[in-house]
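To keep things clear, I will list the structure first and then write my remarks on it.
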Amino acid sequence: MLDAYLAEFFGTAVLMSLGCGVGANFSLPKSKAIGSGGSWLAVTFGWGLAVYCGAYVAFKSGAMLNPALTLGTIARGTKTFTEGVPVTPLHICGYLVAEFLGAFVGSVVAWIAYKQHYDRETDPQTILATFSTTPAIRSALWNTATEIIATFTMAFVIFHFAGTPARLGPLPVAFLIIGIGLALGGPTGYSLNPARDFSARVAHSILPIPGKGSSDWRYAPIGVIGPIIGAVLAGFACRWLPYLDTTSVTPTP
């Protein structure tokens, strides 16, 4: 079981180091990406490739990389996370802990890589946005609704990937994340992943970043609760669909 937990930990750490890194690259002063024409498109592609890389690192665990997806997999009725790792309370806890810790470590690694650039940034909102999500228009109800819709879409499509005969590995998931970012990412920054948002916010709160300001803990529950609701609903929806019977197949090939 340790192999699966370590794979989940390192996969999530790689995901976050690259994901937070792409945000820092296109936001912080003196980065060579500043003024290079980078845009929201570049950031969404960066997050998609971060998921792609993290999923390959975590192949031994089934590459959940996301507590919401882990819980959605349980709601779908899946019997195993990956070969030899049945869905049990112990393994559920092991996966969740590995994901949250991996996300924290990955966020810290990204900060180390851009430490001098963080020291030069004077806008607290820019600093926070490289770690965790912030809404464009603040509304607890509508921000949560956006996260539910975006995460439902992600989990619902991933579960369908698992039920198709084509085995393309994490590549379709990477393109899915890019598509969600381009279509649904504008209102909230698309958390999709409680570990991605919460653990990075914890890192922001404790790292010695000059002038970083608040970690905006009032908004934090939305980046956790919305994705969990969306993924669990997707799991139940796939369980109830009569044409889709993939309960013994892991979400990521």
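Quantities reported herein were computed from a predicted structural model and do not represent experimental measurements. In what follows, every heavy atom counts, from backbone to side chain, and hydrogens, waters and symmetry copies are set aside.
- Checking side-chain atoms of Ser61 against main-chain N and O of Ala58 turns up a donor-acceptor pair under 3.5 Å.
- The two residues Asn66 and Ala68 make their nearest non-hydrogen contact at OD1-N, 2.8 Å.
- Under the 3.5 Å distance criterion, the side-chain polar atoms of Thr130 are matched with a main-chain donor or acceptor of Ile127.
- Aromatic ring centres of Tyr118 and Phe131 lie closer together than 6.0 Å.
- Within 6.0 Å of atom CD1 in Ile206, more than 12 heavy atoms from other residues, nucleotides or ligands are found, so the atom counts as buried in its surroundings.
- Both tests hold for Arg76 against Phe159: distance to the six-membered ring centre under 6.0 Å, angle to the ring axis within 45°.
- Hydrophobic cluster membership differs between Leu141 and Ile225, with clusters built from Ile, Leu, Val, Met, Phe, Trp and Tyr side chains linked at under 4.5 angstrom.
- At least one side-chain heavy atom of Phe100 sits under 4.5 Å from a side-chain heavy atom of Pro194.
- Ser31 and His117 make their closest contact through N-ND1, 3.5 Å (heavy atoms, listed as atom of the first residue, atom of the second, distance).
- Just one residue in the list Glu99, Arg201, Met16 forms a side-chain contact (heavy atoms from CB on, under 4.5 Å) with Arg196, and that residue is Met16.
- The environment of CH2 in Trp142 is sparse: at most 12 heavy-atom neighbours from other residues, nucleotides or ligands sit within 6.0 Å.
- Heavy-atom minimum distance, Ala174 versus Gly48: CB-O, 3.3 Å.
- Both Phe104 and Leu96 are assigned to one and the same hydrophobic cluster, defined by single-linkage of ILVMFWY side chains at heavy-atom distances under 4.5 Å.
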| Arg138 vs Asp216, salt bridge (charged side-chain N to carboxylate O under 4.0 Å, His left out): CA-CA, chis, key distance, verdict | CA-CA 12 Å; Arg138 189 175 291 265; Asp216 196 7; 2.8 Å; yes
| message | Assess the residue pair Asn193 and Leu15 against the criterion (side-chain contact (heavy atoms from CB on, under 4.5 Å)); give the C-alpha distance rounded to whole Å, side-chain angles, the decisive distance to 0.1 Å, and a yes or no. | response | CA-CA 11 Å; Asn193 183 337; Leu15 160 65; 4.1 Å; yes
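- Asn143 places a side-chain N or O within donor-acceptor distance of the main-chain N or O of Ser139, the cut-off being under 3.5 Å.
- Leu18 has its side chain out of reach of Leu49: every pair of non-hydrogen atoms, C-beta onward, lies at least 4.5 Å apart.
- Closest approach of Gly211 and Pro124 over heavy atoms only: O-CG, 3.5 Å.
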| query | Between Val14 and Tyr56, is a side-chain contact (heavy atoms from CB on, under 4.5 Å) present by the stated rule, with each step listed? | reply | CA-CA 10 Å; Val14 167; Tyr56 264 117; over 6 Å; no
| CA sep, side-chain torsions, deciding dist, call: Leu184, Ile149, side-chain contact (heavy atoms from CB on, under 4.5 Å) | CA-CA 8 Å; Leu184 299 170; Ile149 292 168; 4.2 Å; yes
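- Judged by distance alone, with hydrogens and angles left aside, the side-chain atoms of Trp111 form no donor-acceptor pair with the main-chain N or O of Gly106 at under 3.5 Å.
- Of the inter-residue distances, the one linking His91 atom NE2 with Thr82 atom OG1 reads 12.0 Å to the nearest 0.5 angstrom.
- For Ile222 against Thr144, the heavy-atom pair with the smallest separation is CG1-OG1, 3.6 Å.
- In this structure, Glu8 contributes its side chain and Leu65 its backbone to a donor-acceptor pair below 3.5 Å.
- Here the shortest heavy-atom pairing between Leu176 and Met154 reads CD2-O, 3.5 Å.
- Atom-to-atom distance recorded for Thr146:OG1 and Ile137:CD1 is 9.5 Å, nearest 0.5 angstrom.
- No side-chain donor-acceptor contact under 3.5 Å links Ser199 to the backbone of Ala103.
- Connection of Val202 to Tyr219 is not established within any shared hydrophobic cluster, with ILVMFWY side chains joined at heavy-atom distances below 4.5 Å, either directly or through further cluster members.
- Rounding to the nearest 0.5 Å places CD1 of Ile228 at 5.5 Å from CG of Leu71.
- Thr153 contributes atom OG1, which lies 11.0 Å from atom CD1 of Ile158 (distance to the nearest 0.5 angstrom).
- Side chain of Asp197 to backbone of Tyr190: no donor-acceptor contact under 3.5 angstrom is found.
- Ser17 contributes a side-chain N or O that, together with a main-chain N or O of Ala13, makes up a donor-acceptor pair within less than 3.5 Å.
- Using cut-offs of 30° and 60° on the angle between ring planes, the pair Tyr5 and Tyr95 is perpendicular.
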| request: Run the numbers on Val87 and Lys79 for side-chain contact (heavy atoms from CB on, under 4.5 Å), then give the verdict. | output: CA-CA 6 Å; Val87 175; Lys79 301 298 188 295; 5.9 Å; no
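- Summarising the geometry, atom CG belonging to Asn25 is positioned 8.5 Å from atom CG belonging to Leu28; distances are rounded to the nearest 0.5 Å.
- Taking 4.5 Å as the limit, every side-chain heavy atom of Pro29 sits out of range of all side-chain heavy atoms of Ile34.
- More than 12 heavy atoms of other residues, nucleotides or ligands lie within 6.0 Å of NZ in Lys212, so this atom counts as buried by the packing criterion.
- No side-chain donor-acceptor contact under 3.5 Å links Thr80 to the backbone of Glu83.
- In the hydrophobic clustering of this structure, Val22 groups with Val173; members are Ile, Leu, Val, Met, Phe, Trp, Tyr whose side-chain heavy atoms approach within less than 4.5 Å, directly or through other members.
- Between Phe156 and Leu233, the closest side-chain pair of non-hydrogen atoms is not below 4.5 Å.
- Note on Ile177: it clusters hydrophobically with Val43, by side-chain heavy-atom contacts below 4.5 Å among ILVMFWY residues.
- The line from CG of Leu128 to CD1 of Ile209 is 9.5 Å long, rounded to the nearest 0.5 Å.
- Using a 4.5 Å cut-off on side-chain heavy atoms (C-beta onward), Ser132 and Phe198 make no contact.
- Judged by distance alone, with hydrogens and angles left aside, the side-chain atoms of Ser215 form no donor-acceptor pair with the main-chain N or O of Trp217 at under 3.5 Å.
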